Protein chains: 2
Amino acid sequence: MTTTEQMRHDLITTLEDRGFRLTKPRRDVATAIETQADAFTAEDLCESLPAVGRATVYRTIKLLVDTGALCKLAMPDGAPKYSLARVGHHHHTVCVRCGKVSDFRDTTVERMLRSLAKEIDGQIVGHRMEVYVDCSDCVP
Amino acid sequence: MTTTEQMRHDLITTLEDRGFRLTKPRRDVATAIETQADAFTAEDLCESLPAVGRATVYRTIKLLVDTGALCKLAMPDGAPKYSLARVGHHHHTVCVRCGKVSDFRDTTVERMLRSLAKEIDGQIVGHRMEVYVDCSDCVP
DNA sequence: CAGTATTATGATACGGATTATCAGTAACAA
DNA sequence: TTGTTACTGATAATCCGTATCATAATACTG
């Protein structure tokens, strides 16, 4: 099984495992996500799936984000994009020109959060971090 | 001069220094921002400034963000809020219940970014980090 | 299988937030 | 003051995402 097939498998079985029905539109969305090289917008998917209704595309994306199979990330202006969650908790670098996403894990962030937790008022319930880059394809 | 007066002074002089005209609507927006205890939305400002057009409120916010006098930050769902940039580069904790924002600076983040810069493909051009909390007022 | 309950779909309408348009107005320099 | 230019604000338009709801597809049950 190739990596790509594995990814689609993961998306579909993620839905299956949660008790959602395996419908053709959902399979189509999973396949379309599989073909996205990098971070994509919901609108990207809608355009590549004219046969699937916008509402269904958005609903399926939300399902996959809620189950953790997709990451929702924010461009510098706040516009959302999505990318496959290949590993557990991680962060992203996003090329602001082409949208290429790379994952990174850095225990420094988690250490920093633990140390921050002692200093601040209240309980940390989540965080968000994105690193924006010009990738070497865009700015050689 | 009080701290509050200083903040308004900073907002207005920031615009003045950039060569923008000092109009009454802009002064009104600056004053309204001054009176915001915590992070606020564009809509908050519009409501507190019924005499100023929505477009002008949004335009002035954008000017102040572009000049660095305001920080644009994102709630967990991506909705934008704004807060005064009291110090140079910093990050925020945001209470997800009441919206209260606190600033923090942590050299760990900057160290992490420098180390990350050596590992990744491309040039880092920016980053985003928000820490979401339940503050002690909301969850005692 | 066939029947049935339930879930999902998709066309559309709707909503909120931000931006574009553009004629009228105000700021500021000369 | 006057003229140029930037700014304003009412409104329309846009964009993204969600609610509605009748219809269709799915999975379950006997």
Side-chain angles (χ1 to χ4, degrees), chain A residues 11-33 36 39-67 69-83 94 99, chain B residues 11-33 36 39-67 69-83 94 99:
Chain A
L11 291 182
I12 290 177
T13 55
T14 293
L15 294 177
E16 194 171 29
D17 292 348
R18 303 287 179 119
F20 297 112
R21 291 183 178 172
L22 299 187
T23 65
K24 179 161 192 313
R26 284 179 180 160
R27 290 173 189 277
D28 290 346
V29 171
T31 302
I33 289 173
Q36 299 286 332
F40 55 90
T41 64
E43 215 52 37
D44 292 337
L45 284 190
C46 290
E47 282 169 24
S48 67
L49 293 167
V52 179
R54 301 170 48 77
T56 298
V57 171
Y58 277 93
R59 281 188 288 239
T60 306
I61 288 174
K62 178 172 285 191
L63 285 181
L64 292 170
V65 171
D66 289 347
T67 59
L70 280 186
C71 300
K72 180 178 185 175
L73 50 95
M75 297 301 282
D77 64 356
K81 289 199 177 187
Y82 302 90
S83 79
V94 189
Chain B
L11 291 182
I12 291 177
T13 56
T14 294
L15 294 177
E16 195 171 29
D17 292 349
R18 303 286 179 121
F20 296 114
R21 291 181 180 174
L22 298 188
T23 65
K24 179 160 190 317
R26 284 179 179 159
R27 291 172 189 277
D28 290 347
V29 171
T31 302
I33 289 173
Q36 299 286 331
F40 55 90
T41 64
E43 211 53 35
D44 291 337
L45 285 190
C46 289
E47 280 169 25
S48 68
L49 292 167
V52 179
R54 305 173 56 75
T56 298
V57 170
Y58 278 93
R59 282 188 288 238
T60 305
I61 288 174
K62 178 171 283 188
L63 284 182
L64 291 170
V65 170
D66 289 346
T67 60
L70 280 186
C71 301
K72 179 178 186 174
L73 50 96
M75 297 302 282
D77 65 355
K81 288 198 177 187
Y82 302 90
S83 80
V94 188

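Residue numbers begin at 1 in each chain, while the letters A, B, ... track the order of the sequences. It should be emphasised that the depicted structure is a prediction, and the values quoted were computed from it without experimental measurement.
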Closest heavy-atom pair and its distance - A/C46, A/Y58 = SG-CE1, 4.2 Å

inquiry  = What I want to find out is whether B/D66 reaches B/K62 closely enough, with some N-O distance under 4.0 Å, to be called a salt bridge.
reply    = no

Integer-rounded Å distance: C/dC28 P and B/L15 CG = 12 Å

message = Just to verify, which of A/L64, A/V57, A/L63 counts as forming a side-chain contact (heavy atoms from CB on, under 4.5 Å) with A/I61?
response = A/V57

request  = Under the side-chain contact (heavy atoms from CB on, under 4.5 Å) rule, what do B/M75 and B/V94 come out as? Steps first, then yes or no, please.
outcome  = CA-CA 8 Å; B/M75 297 302 282; B/V94 188; 3.3 Å; yes

5'-most by nearest nucleotide on DNA chain C - A/T56 or B/L22 = A/T56

message = Salt bridge check, B/E43 against B/R54: does any charged N sit closer than 4.0 Å to a carboxylate O?
response = yes

note = On a heavy-atom basis, the closest approach of A/L11 and A/A30 is CD1-O, 3.8 Å

remark   = When rounded to whole Å, the NZ to C1' distance for the pair A/K81 and D/dC16 reads 15 Å

query = Tell me: CZ of B/F20 to P of C/dC28, nearest whole Å?
reply = 13 Å

inquiry  = Output one letter per nucleotide in nucleotides 15-26 of chain C: B when a protein non-hydrogen atom lies under 4.0 Å from the base, S when only the sugar-phosphate is that close, - when neither is.
reply    = --SBBBB----B

inquiry  = Can you measure A/R26 atom CZ to D/dA24 atom P for me and round it to whole angstrom units?
reply    = 19 Å

request  = Specify the separation, in whole Å, of atom CG of A/L45 and atom C1' of D/dG17.
outcome  = 14 Å

request  = Using atom CG of A/D28 as one end and atom P of C/dA8 as the other, report the distance to the nearest whole Å.
outcome  = 16 Å

query = Roughly how many Å is it from CZ in A/R27 to C1' in C/dA8, rounded to a whole number?
reply = 14 Å

query = What is the distance, rounded to the nearest whole Å, between atom CG of B/L49 and atom P of D/dT8?
reply = 12 Å

